[in-house]
Undergrad: 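Got a structure here, written out as C-alpha cells. Questions coming.
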Amino acid sequence: MNSIILRTATNYILPLLLMFSVFILLRGHYLPGGGFVGGLIAAVAFVLHMFAHGLEKTRELLVIHPGYLLPFGLSLALLSGFAPVFFTGEPFMTGVWMENPIPVIGKVGSALFFDLGVYLVVFGVSLTIIFTISEDA
Amino acid sequence: MTLHEYLQFVILPIMALSAILIFVRFLMGPSLSDRVVALDLLITTAIGTISVFAVIFNEKDYLDVAIILALIAFLTTVAFAYYIEKQKKR
C-alpha cells in the first residue's frame with residue numbers, strides 16, 4: 001500500500017506503541033498488563049510498519065528473524081524459574097525480590113524476567129505467524 | 001445535575017443509541033466498505049464508552065484500554081483497505 005499519510009503516521013506511532021508495550025510490561029506484576037499484552041502491542045507496532053512500508057522494510061528494521069527470539073524467551077523464562085535454586089536455595093520458581101527498589105522500574109524480581117521471556121516469545125510467535133501469512137497472500 | 005448523573009443519563013444513552021444505529025448499518029451495509037467503516041466507528045464508540053466508565057467508576061486502568069484501542073483501532077481499517085485493494089487488482 002502506497003499512502004504517504006499512513007507512512008508518516010506510522011513513523012510516529014511505531015515508537016509510541018513500543019514505549020507503551022514496555023510500560024505495560026513493567027507494570028504487569030500488580031496491575032493489569034504483563035508480558036503477553038506487552039508482546040502483542042509490540043508485534044502490532046511492527047505489523048503496522050509492515051502495512052505502511054512493506055514486508056521487506058520491516059524485515060530490515062527487525063535485523064533478525066523474529067522466530068529466533070523464541071528460544072531466547074523460553075530459556076529466559078526457564079532460567080528465571082531456576083534463579084531461587086541458585087541464589088537462595090529455595091525451591092524452583094519461588095519469587096526472588098531485590099531488597100531496594102530501582103528508580104523508575106521499581107522492585108526487580110525473578111517475575112520480571114519471566115515476564116520478559118513471555119514478552120519475547122509472544123512477540124516472536126505473533127510476528128512469525130503474521131509474516132508467514134502475508135508472504136503467502 | 002451532577003457530573004455522574006449527566007454521564008449516566010445523557011452521555012451513556014447517546015453512546016448506546018449510536019452503537020445500535022452503527023450496528024444496524026454494519027448488518028445492512030450494502031458493500032464491504034460500509035461494513036468496514038461501521039466497524040471502525042463501533043470501536044470509536046467503544047473508546048468513548050470506556051472513557052465514560054473510567055470516570056464513573058474512578059478507575060484509571062480503564063483509560064489504558066482506551067489508549068490501546070485508539071492506537072490500534074485504525075489498523076483494522078488499514079488492513080481491510082489493503083486486502084480490498086488487493087482483491088480489486090485480481
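Fair warning: this is a prediction, and the values are worked out from it, not measured in the lab. To find a chain, count down the sequence lines: A is the first, B the second, and so on, and within it residues start at 1.
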Undergrad: Which value, rounded to the nearest 0.5 Å, describes the distance between F74(B) atom CZ and F51(A) atom CZ?
TA: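 So the gap between those two atoms works out to 11.0 Å.
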Undergrad: What is the distance from atom CG of L75(B) to atom CG of L48(A), rounded to the nearest 0.5 Å?
TA: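 Output value for this atom pair is 5.5 Å.
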Undergrad: Just checking heavy atoms, which of residues 57-65 of chain B are less than 4.5 Å from chain A?
TA: D61(B), D64(B)
Undergrad: If two hydrophobic side chains count as joined below 4.5 Å and joins carry through other members, does F92(A) share a cluster with W97(A)?
TA: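 Cluster IDs for F92(A) and W97(A) differ.
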Undergrad: Do V47(A) and V36(B) sit in the same hydrophobic cluster, where Ile, Leu, Val, Met, Phe, Trp and Tyr count as joined when their side-chain heavy atoms come under 4.5 Å apart?
TA: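 No, because V47(A) and V36(B) fall into different hydrophobic clusters, even though each may have its own neighbours under 4.5 Å.
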Undergrad: Could you list the residues that satisfy ring pair (Phe, Tyr, Trp, His ring centres under 6.0 Å) with F23(A), not counting sequence neighbours?
TA: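 Counting only residues at least two positions away or on another chain, F23(A) forms a ring pair (Phe, Tyr, Trp, His ring centres under 6.0 Å) with F20(A).
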Undergrad: Are F114(A) and L31(A) grouped together when hydrophobic residues (ILVMFWY) are joined by side-chain heavy atoms under 4.5 angstrom apart?
TA: no
Undergrad: Measuring from I24(A):CD1 to I68(B):CD1, what's the distance to the nearest 0.5 Å?
TA: 4.5 Å
Undergrad: Kindly list each side-chain donor-acceptor pair under 3.5 angstrom involving residues 74-89 of chain A, sequence neighbours excluded, with atom names and distances?
TA:
residue	atom	partner	partner atom	Å
S75(A)	OG	P71(A)	O	2.6
S75(A)	OG	F72(A)	O	3.1
S80(A)	OG	A77(A)	O	2.8
T88(A)	OG1	P84(A)	O	3.2
T88(A)	OG1	E90(A)	OE1	3.0

Undergrad: What part of I41(A) lies closer than 4.5 angstrom to a heavy atom of chain B: side chain, backbone, both or neither?
TA: side chain
Undergrad: Would you say L69(A) and L18(A) are hydrophobically clustered, going by side-chain heavy atoms of ILVMFWY under 4.5 Å?
TA: yes
Undergrad: Could you tell me which residues in residues 20-33 of chain B have at least one non-hydrogen atom under 4.5 Å from a non-hydrogen atom of chain A, sorted by residue number?
TA: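 Answer by number: none.
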Undergrad: Side-chain heavy atoms under 4.5 angstrom apart, residues restricted to Ile, Leu, Val, Met, Phe, Trp, Tyr: same cluster for V37(A) and L71(B)?
TA: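 Result: yes, single cluster for both.
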Undergrad: Take atom CD1 in I102(A); do more than 12 heavy atoms of anything else shown fall under 6.0 Å from it?
TA: yes
Undergrad: Find the distance between OH (Y82(B)) and OG (S134(A)) and round it off to the nearest 0.5 Å.
TA: 7.0 Å
